[in-house]
Amino acid sequence: MKDIPDGSIDMILTDPPYLMDYRSNRRPASTRFMPIQNDTVANGKYCIEQSFAEYERVLKSNTALYVFCSWHHIDFFKTEFQKHFTLKNIIVWNKNNHGSGDLRGAYAPKHEFILYGHKGRSIFREKRLPDVLEFPKVPSAKLLHPTEKPISLLNVFLRNNSDEGATVLDPFMGSGTTGVACKNLSRNFIGYELDDEYFEIAKERIEGALK
Ligand SMILES: C[S@@+](CC[C@H](N)C(=O)[O-])C[C@H]1O[C@@H](n2cnc3c(N)ncnc32)[C@H](O)[C@@H]1O
């Protein structure tokens, strides 16, 4: 991100690592979605802190950013967000999920949060929506990334706070869902991905996207 000039980005839409190890009763332990293999939560937090400072630097004035987050580290993400931006909403994505985790001792998780805010002030291009949005998850059989987000949900955010020809940044792009949505909606896209395998998947998806 250091290569991106100051004040050159029209919108950030990103889904950073949630700083968890994704162990559950259904899935084997995995460290793939931590920022760096064998990393600690503290190092992951440092990476997120640095990235928020860079978001502030690269965004133009009067733009919006959306950052996905789970409830586990919402306090940390909210604090970092508010160091740099005006937090306008914590949007709830209500998904058709049966959930995982403690199958006998915890309620089945059915939502994720999205921190939404402004650098300056960003005006909606489309109709105002409620802060609880219902969109189905990508079906498990079709998932290219374990935390892949539905394009239909990302489309709402892109259409509400950016224009055709805008440049959108997703520094944690996973399988490239934000890039695919951008291409379909005639936005330019800059994305990063640490994992080579997901980077190749993202590249293929974006190159093959409609437009
Ligand atoms: C929650 S996932 C994003 C999934 C994405 N929204 C999708 O639909 O496929 C976060 C991604 O960030 C990547 N990542 C973690 N640390 C990174 C870093 N420092 N730079 C770039 N990518 C990183 C992980 O490999 C992971 O694929």
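Counting starts at 1 for both ligands and their atoms, following the listed order.
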Could you tell me which residues satisfy ring-ring contact (aromatic ring centres under 6.0 Å, His included) with His73, sequence neighbours excluded, listed by chain and number?
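With sequence neighbours excluded, His73 shows a ring-ring contact (aromatic ring centres under 6.0 Å, His included) to no residue whatsoever.
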
Without swapping roles, check the side chain of Arg205 against the backbone of Ser175 for a donor-acceptor pair under 3.5 Å.
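Yes, the answer is positive, given that a donor and an acceptor are paired below the 3.5 Å cut-off.
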
Can you say whether the rings of Tyr116 and Phe124 are parallel (under 30°), tilted (30 to 60°) or perpendicular (over 60°)?
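Ring orientation of Tyr116 relative to Phe124: parallel.
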
Quick one: which ligand 1 atoms are inside 4.0 Å of a heavy atom on [X]?
{"X": "Glu148", "value": "7 (C), 8 (O), 9 (O)"}
{"X": "Pro16", "value": "1 (C)"}
{"X": "Lys149", "value": "6 (N), 8 (O)"}
{"X": "Thr177", "value": "7 (C), 8 (O), 9 (O)"}
{"X": "Pro171", "value": "21 (C), 22 (N)"}
{"X": "Ser175", "value": "7 (C), 8 (O), 9 (O)"}

If I apply the N/O under 3.5 Å rule, does [X] come out as touching ligand 1?
{"X": "Leu194", "result": "yes"}
{"X": "Thr147", "result": "no"}
{"X": "Tyr198", "result": "no"}
{"X": "Asp195", "result": "no"}

Decide if atom CD of Gln82 counts as having more than 12 heavy atoms of other residues, nucleotides or ligands within a radius under 6.0 Å.
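Result for CD/Gln82: enclosed.
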
Take atom CZ in Phe199; do more than 12 heavy atoms of anything else shown fall under 6.0 Å from it?
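Result for CZ/Phe199: open.
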
Looking at Phe189, is Lys183 sitting on its ring face, NZ or CZ under 6.0 Å from the six-membered ring centre and within 45 degrees of the normal?
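Geometry flag: not set, cation outside 6.0 Å or 45°.
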
One residue to check: Glu193. Relative to ligand 1, which of side chain, backbone, both or neither has a non-hydrogen atom less than 4.0 Å away?
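Both parts.
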
Is it true that Glu112 and Lys95 have a side-chain N and a carboxylate O under 4.0 angstrom from each other?
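Yes.
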
Salt-bridge test for Lys142 and Glu148: reply yes if a basic N is under 4.0 Å from a carboxylate O, no otherwise.
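No, Lys142 and Glu148 are not salt-bridged.
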
Among Asp15, Leu13, Leu154, which one has a heavy atom closest to atom 4 (C) of ligand 1?
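Among Asp15, Leu13, Leu154, the closest heavy atom to atom 4 (C) of ligand 1 comes from Asp15.
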
